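Values in this document were obtained by computation on a predicted structure and should not be read as measured data.
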Amino acid sequence: MTDHTTDQPGAAIAVNVLTSLDQIAEADWDACACPEAFETGRPNDPFTTWRFLHALESSGSVGRGTGWEPRYLAAEMDDVVIAVAPLYAKSHSQGEYIFDYSWAHAYEGAGGQYYPKLQIAVPFTPATGRRFLVRPGHEVTGISALLQGAVQFASENDVSSLHVTFCTEAEAIAGAEMGLMRRITQQFHWENNGYADFDGFLDSLNARKRKTIRKERRTAQAFGGDIRVLTGDQIEPEHWDAFWRFYQDTGARKWGTPYLTRAFFDIAHDTLRNDIALVLAERDGVPVAGALNFIGRDALYGRYWGCIEDHPCLHFEACYYQAIDFAIARGLSRVEAGAQGEHKLARGYLPTQTHSLHWIADRGFARAVARYLEEERRAVDEDIEILTAYGPFRKDRREEQQ
């Protein structure tokens, strides 16, 4: 474990680099990562909780041989952990969803070595949330200590760069003020505008899109079986056997090798099932397709989909429409449907900004990236404006959203 000491007004803060979450107590991590859960029982999102990150680590989904080597940060002041961050040493750019492949190619084409790099992120999880996890009352000091510690660790270990992905807008602004480069990208999110039910949502759409979605739902639900949404103790161990088959099929087609191991789902059953909404389509009692969602305090996060049989529109139903139904029933404000996919627009998911921060050691290359980010930001803003205008909502609703 490596210590970095930063000078802060009134006290010295030691920023420790941990190679395993077993080196920090769950209560200490979660006091920074999800203090709201101690009051409400549910974190804003489960992805930075000790139990989720530990499931990735203990299942072998991250660690040696995966390209995601844990280097968690923990800032201590007066023997109290005041801030933590999920930091990883990366030997590739897979599983990040804010892409820097072109940066890597350009840097290596100029004779540099882009990997390893450092990444403050939740592996394989393109969901916005806090990345600088600070105990209440230490926000300014904690974020500053984590950022300084991360940059110092990067400099001392001669890595090319440090990246903070899917952070909040407030963190992006704070990081930019401390000298990091800010990047804006986009995803598609569904917003709950106080709908009483799915028909209430449909009433906000123009007639053509409303008709299309109703037809898609009828087609999907006529696949010859039943669709169920399971949470908590409704989820049985055998459901993960079925979902693993779905996940393997999708992972093989998208990434070549699935990111998560089979053990992750067993651990998730033990420690995370109250955070999960599992959509299963079953025919003759046999699951043939499914979608995995995680439940936040005010949002539902769509993560994985897969199937062993192809049925028209079943993907749209399991991933998007069932998620909307669930969010309305639970009073959640939004559904984050994951990375990419402009096909989501026609189904009521609108483009939304996502944020990241970047530090690059080579000053010349950093200037080139900064110019690229400025141009990209203008293009993303224009794209969001155009896509929103062409969204499925009635004109009066589009004006309200804009």
Side-chain angles (χ1 to χ4, degrees), residues 41-43 45-47 49-63 66 95 122-125 127 217 220-296 300-327 329-330 332 335 337-338:
R42 189 175 293 284
D45 70 70
F47 302 121
T49 62
W50 191 94
R51 62 181 179 272
F52 184 90
L53 295 172
H54 192 266
L56 293 177
E57 182 185 320
S58 59
S59 68
S61 300
V62 302
T66 68
V122 178
F124 330 122
T125 307
R217 297 206 78 177
Q221 292 168 358
F223 77 101
D226 300 308
I227 298 174
R228 297 191 293 158
V229 182
L230 308 176
T231 62
D233 291 339
Q234 296 172 326
I235 303 173
E236 300 289 347
E238 58 265 27
H239 294 140
W240 295 118
D241 292 331
F243 192 79
W244 173 245
R245 292 195 297 272
F246 307 153
Y247 177 71
Q248 279 188 302
D249 177 71
T250 300
R253 285 186 286 107
K254 283 192 172 183
W255 317 302
T257 303
Y259 293 139
L260 301 175
T261 66
R262 177 64 181 86
F264 173 85
F265 296 98
D266 290 332
I267 297 169
H269 181 78
D270 292 335
T271 65
L272 289 161
R273 65 179 181 270
N274 289 330
D275 301 305
I276 287 172
L278 180 63
V279 180
L280 287 180
E282 298 173 329
R283 193 165 58 82
D284 298 326
V286 177
V288 298
L292 178 62
N293 304 273
F294 283 85
I295 308 167
L300 186 70
Y301 300 90
R303 290 305 304 115
Y304 300 108
W305 144 269
C307 64
I308 56 173
E309 295 181 1
D310 290 323
H311 294 279
C313 300
L314 191 55
H315 171 255
F316 300 146
E317 175 66 24
C319 292
Y320 308 135
Y321 303 142
Q322 288 290 329
I324 290 172
D325 272 334
F326 187 92
R330 291 290 186 101
L332 303 178
V335 177

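Atom CG of Leu292 and atom OH of Tyr301 lie 14.0 Å apart (nearest 0.5 Å). Taken from CZ in Phe124 to OG1 in Thr66, the straight-line distance is 6.0 Å, to the nearest 0.5 Å. Remark: Ile227 CD1 to Glu282 CD distance equals 10.0 Å, nearest 0.5 Å. For the atom pair Thr261 OG1 and Asp266 CG, the distance stands at 8.5 Å (nearest 0.5 Å). In this structure, CD1 on Ile295 lies 13.0 Å from CZ on Arg273, to the nearest 0.5 angstrom. Cys313 contributes atom SG, which lies 10.5 Å from atom CD of Gln221 (distance to the nearest 0.5 angstrom).
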ask   = Could you go step by step and tell me if Ile235 and Trp240 meet the side-chain contact (heavy atoms from CB on, under 4.5 Å) rule?
value = CA-CA 8 Å; Ile235 303 173; Trp240 295 118; 3.6 Å; yes
message = Working note: Arg217 + Asp325, criterion side-chain contact (heavy atoms from CB on, under 4.5 Å); need CA distance, chi angles, decisive distance, verdict.
response = CA-CA 12 Å; Arg217 297 206 78 177; Asp325 272 334; 2.8 Å; yes
task = Might you work through the side-chain contact (heavy atoms from CB on, under 4.5 Å) test for Arg262 and Asp241, ending with a clear yes or no?
result = CA-CA 9 Å; Arg262 177 64 181 86; Asp241 292 331; 2.5 Å; yes
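A search for ring-ring contact (aromatic ring centres under 6.0 Å, His included) contacts involving Phe326 returns nothing, not counting sequence neighbours. Partners of Glu236 under the side chain to side chain donor-acceptor pair (under 3.5 Å) rule, at least two apart in sequence or in another chain, do not exist in this structure. Checked against side-chain contact (heavy atoms from CB on, under 4.5 Å), Ala222 has no partners two or more places apart in sequence or in another chain.
A 4.5 Å side-chain heavy-atom check between Tyr304 and Phe246 finds every atom pair outside the cut-off. For the pair Ser58 and Ile267, the minimum side-chain heavy-atom distance is below 4.5 Å. A 4.5 Å side-chain heavy-atom check between Gln322 and Arg228 finds every atom pair outside the cut-off. Put simply, the side chain of Asp45 does not reach to within 4.5 Å of the side chain of Phe294, judged on heavy atoms. Considering only heavy atoms from C-beta on, Val229 stays 4.5 Å or farther from Asn293 through its side chain. When side chains are defined from C-beta on, Arg245 does not count as touching Val288, because their heavy atoms never get closer than 4.5 Å. Under the 4.5 Å side-chain criterion, counting only non-hydrogen atoms from C-beta, Thr231 is in contact with Arg330. Using a 4.5 Å heavy-atom cutoff, the side chains of His315 and Tyr320 are in contact.
Aromatic ring orientation, Tyr247 versus Trp244: tilted (interplanar angle from 30° to 60°). Taking the six-membered ring for Trp and thresholds of 30 and 60 degrees, Phe52 and Phe47 have ring planes more than 60 degrees apart, a perpendicular arrangement. Below 30°, between 30° and 60°, or above 60°: for His54 and Trp50 the angle between ring planes is below 30°, a parallel geometry.
Around CG of Asp310, the count of heavy atoms belonging to other residues, nucleotides or ligands within 6.0 Å does not exceed 12. Under a cut-off of 6.0 angstrom, the local environment of CG in Asn274 is crowded, with over 12 non-hydrogen atoms contributed by other residues, nucleotides or ligands.
For the residue pair Leu280 and His239, the shortest heavy atom distance occurs at CD1-CD2, 3.6 Å. Of all heavy-atom pairs between Asp275 and Arg42, the closest is OD1-NH1, 3.8 Å. Shown here for Arg303 and Thr125, the closest heavy-atom pair between the two residues is NH2-CA, 3.8 Å. Looking at every heavy atom in both residues, Ala281 comes nearest to Phe223 through CB-CZ, 3.8 Å. Shortest non-hydrogen contact noted between Ala268 and Ile276 is CB-CD1, 4.3 Å. Listed here is the closest heavy atom pair of Leu56 and Ser59: O-OG, 3.1 Å.
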